[in-house]
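Comments concern the structure below.
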Amino acid sequence: MNRERELLQKEIELRNRKLSGRALYLSGRNQLINNLIMSIENIPKLSKISSLDIHIKHLKDYLKSDNEWETFVFHFEEVNPGFLARLRKLHPALTSNDMRYIAYIYMNLTTKEISNLLNITIYASKKRKERIISKIKLPNDITLYSYLSNI
């Protein structure tokens, strides 16, 4: 029975690693798109081309879309069944953006990786983490990751 439990735990860890890998891939892709947009916008001759401006707007809209998030939630729930529901029940004041951030923390991603995934600055990512800790009234002696691991 312990062997079976150990195998199941390893399977969950493997799936979480795959999910983390996918999230990191998306993070890198988003960062690349963002860098490309910034580079193009900083070249005066290119920034005056209206057709290019339309494409830049499409890329910015793409970075803001939640299509990838829905797919992510589906796979996250396969690996961690009921986690988001339990979290929502314990802390109903959390917003969908908070839940998204928490899912990435639960996967043990760094602040930098999360900021790339959410297309925000590292500073904004740290502030969001502080606000979430405040919202859930987490004691100072417990890290957010350890708290989430016990839900």
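Rounded to the nearest 0.5 Å, atoms CG (L52) and CD1 (I56) are 4.5 Å apart. With rounding to the nearest 0.5 Å, the separation of NZ in K57 from CD1 in I37 is 11.5 Å. Taken to the nearest 0.5 Å, the CG atom of L109 stands 10.0 Å off from the OH atom of Y145. Note that the CD1 atom of I102 and the CD1 atom of I151 stand 7.5 Å from one another [nearest 0.5 Å]. Annotation: the span from I105 atom CD1 to S125 atom OG amounts to 7.0 Å, rounded to 0.5 Å. Interatomic distance, L59 CG to L36 CG, rounded to the nearest 0.5 Å: 7.0 Å.
With R128 contributing its side chain and S115 its backbone, the two residues share no donor-acceptor pair below 3.5 Å. Not a single donor-acceptor pair under 3.5 Å links the side chain of E77 to the backbone N or O of F74. For the pair D53 (side chain) and I49 (backbone), a donor-acceptor distance under 3.5 Å is absent.
In this structure, L138 and I142 approach most closely via the heavy-atom pair CD2-O, 3.4 Å. Nearest heavy atom pair, residue L118 against residue R100, reads CD2-CD, 3.3 Å.
The list of side-chain hydrogen bond (donor to acceptor under 3.5 Å, both in side chains) pairs with a residue in residues 133-142, not counting sequence neighbours, reads D98-K135.
One hydrophobic cluster, built from ILVMFWY side chains closer than 4.5 Å, holds both L90 and I133. When the side chains of ILVMFWY residues are joined at heavy-atom separations under 4.5 Å, either directly or via intervening members, I122 and I132 end up in two distinct hydrophobic clusters.
Using a 4.5 Å cut-off on side-chain heavy atoms (C-beta onward), T95 and M99 make no contact. Side-chain contact check for K129 versus Y101: some heavy-atom pair is nearer than 4.5 Å. Proximity of I136 to L144: side-chain heavy atoms (C-beta onward) are separated by under 4.5 Å at one or more points. Taking the side chain as every heavy atom from C-beta outward, H91 and L94 approach each other to under 4.5 Å.
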Working note: L148 + L87, criterion side-chain contact (heavy atoms from CB on, under 4.5 Å); need CA distance, chi angles, decisive distance, verdict.
CA-CA 8 Å; L148 296 174; L87 184 64; 4.2 Å; yes

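In this structure, Y106 has its ring center under 6.0 Å from that of F83.
Side chains of S149 and S146: no donor on one and acceptor on the other come within 3.5 Å.
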